[in-house]
Amino acid sequence: MHRRNVLRGAAATAVGAGLAGGQATAATAGTAATADPAATAATGDAAGARARPRREPLRVHTVLYDGVEEQDFAGHIEVFGIVGEDRIAQSFVTVDGPRTLRTSAGMEIVCRSPWSPRSADLILVPGGGYGDGSGLQREVRRGVLPKTLAAARRRGLVLGAVCSGTMLLSAAGITAGRPCTTHHIAKDDLKAQGGRVVTGRVVDDGDLVTCGGVTSGIDLGIWLLERFFGPETALFAEEVLEYERRGTVWRS
């Protein structure tokens, strides 16, 4: 986006001034302080937002499907886009392979990337409404997406969900016995299906990261920037977005 490019350029100028004065700033810390998602997920230590150098971009796959809610995926995608493609490589994927899908509001989105969970470091599942007739309920009943998500699990992969997207992870058996959260209207069902429902706006249990309803996807994105790239990068994203994180991040 042009806005991000302009703001990133302005930040780079500010970084130069800060370095001249001996002060570290968001952009410099994001470059020097990055984390290894495999190591973080393996330890399950979400507090490990300690920076470890990355040679390759963090590979993020956002799973889309017919009836997906726009805001549920737009939040974290906008946040991740701030740091640039050289540091986070984002892809839209569907379990049915490359195709065009329709969102809940009728927007058509072309997904060109194949389903390839072994080429992802982080897979995020947005919500698609809730209840009968919703896109999410259709996917739960169809069963293909939950089964595919269950099969994707492996050491080093972080799975996450925004809003009611957590219920797709629940249908896959991924949240059973695990701290997690979702939109408030689905929390009772999530608990009934075995999830340990936590009231935090973002819940980080190592290789499982979930958040509450709709706009909390922005908070999830900023938290993941902090976890993988350090707090300075997260603060930089807040500055660009003119957004301050809400609520508490619950960490195991």
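Here Val249 pairs with Val202, Trp223, Arg251 under the side chain to side chain contact (heavy atoms under 4.5 Å, CB included) rule; sequence neighbours left out. Under the side chain to side chain donor-acceptor pair (under 3.5 Å) criterion, Ser116 pairs with Ser119, sequence neighbours left out. Residues satisfying the salt bridge (Lys or Arg N to Asp or Glu O under 4.0 Å) criterion with Arg245, sequence neighbours excluded, are Glu226, Glu238. A search for side chain to side chain contact (heavy atoms under 4.5 Å, CB included) contacts involving Pro117 returns Trp115, Ile123, Ala152, not counting sequence neighbours. Residues satisfying the side chain to side chain donor-acceptor pair (under 3.5 Å) criterion with Glu108, sequence neighbours excluded, are Arg102. Remark: Arg99 pairs with Asp66, Asp96 by the salt bridge (Lys or Arg N to Asp or Glu O under 4.0 Å) rule, at least two apart or across chains. Annotation: side chain to side chain donor-acceptor pair (under 3.5 Å) contacts of Ser170 (sequence neighbours excluded): Gln193. Partners of Asp189 by salt bridge (Lys or Arg N to Asp or Glu O under 4.0 Å), not counting sequence neighbours: none found. With sequence neighbours excluded, no residue satisfies salt bridge (Lys or Arg N to Asp or Glu O under 4.0 Å) with Glu69. Applying the side chain to side chain contact (heavy atoms under 4.5 Å, CB included) criterion to Ala171, with sequence neighbours excluded, gives Val140, Pro146. Considering only residues two or more places apart in sequence or on other chains, His76 meets the side chain to side chain donor-acceptor pair (under 3.5 Å) condition with Thr62. Residues that satisfy the side chain to side chain contact (heavy atoms under 4.5 Å, CB included) test with Ala192, not counting sequence neighbours, are absent from this structure.
Taking CD from Glu244 and CD from Glu239, the interatomic distance works out to 11.5 Å, rounded to the nearest 0.5 Å. The distance from the CE atom of Met167 to the OG atom of Ser134 is 10.5 Å, given to the nearest 0.5 Å. Rounding to the nearest 0.5 Å gives a distance of 7.5 Å between CZ of Phe92 and CD of Gln90. To the nearest 0.5 angstrom, Arg138 atom CZ is 13.0 Å from Leu145 atom CG. Note that the CG atom of Asp205 and the CH2 atom of Trp250 stand 5.5 Å from one another [nearest 0.5 Å]. Note that the OG1 atom of Thr175 and the CZ atom of Arg178 stand 9.0 Å from one another [nearest 0.5 Å].
Residues Val158 and Phe228 meet the side-chain proximity criterion, which asks for heavy atoms closer than 4.5 Å.
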Checklist entry - After noting the C-alpha distance and the side-chain angles of Asp219 and Arg246, does the key distance pass the salt bridge (charged side-chain N to carboxylate O under 4.0 Å, His left out) rule? => result CA-CA 7 Å; Asp219 300 277; Arg246 295 175 51 201; 5.9 Å; no
Checklist entry - What do the steps show when you test Cys211 against Val203 for side chain to side chain contact (heavy atoms under 4.5 Å, CB included), and what is the final call? => result CA-CA 6 Å; Cys211 68; Val203 177; over 6 Å; no
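At most 12 heavy atoms of other shown residues, nucleotides or ligands fall within 6.0 angstrom of atom CG in Asp188. More than 12 heavy-atom neighbours from other residues, nucleotides or ligands sit within 6.0 angstrom of CZ on Arg142.
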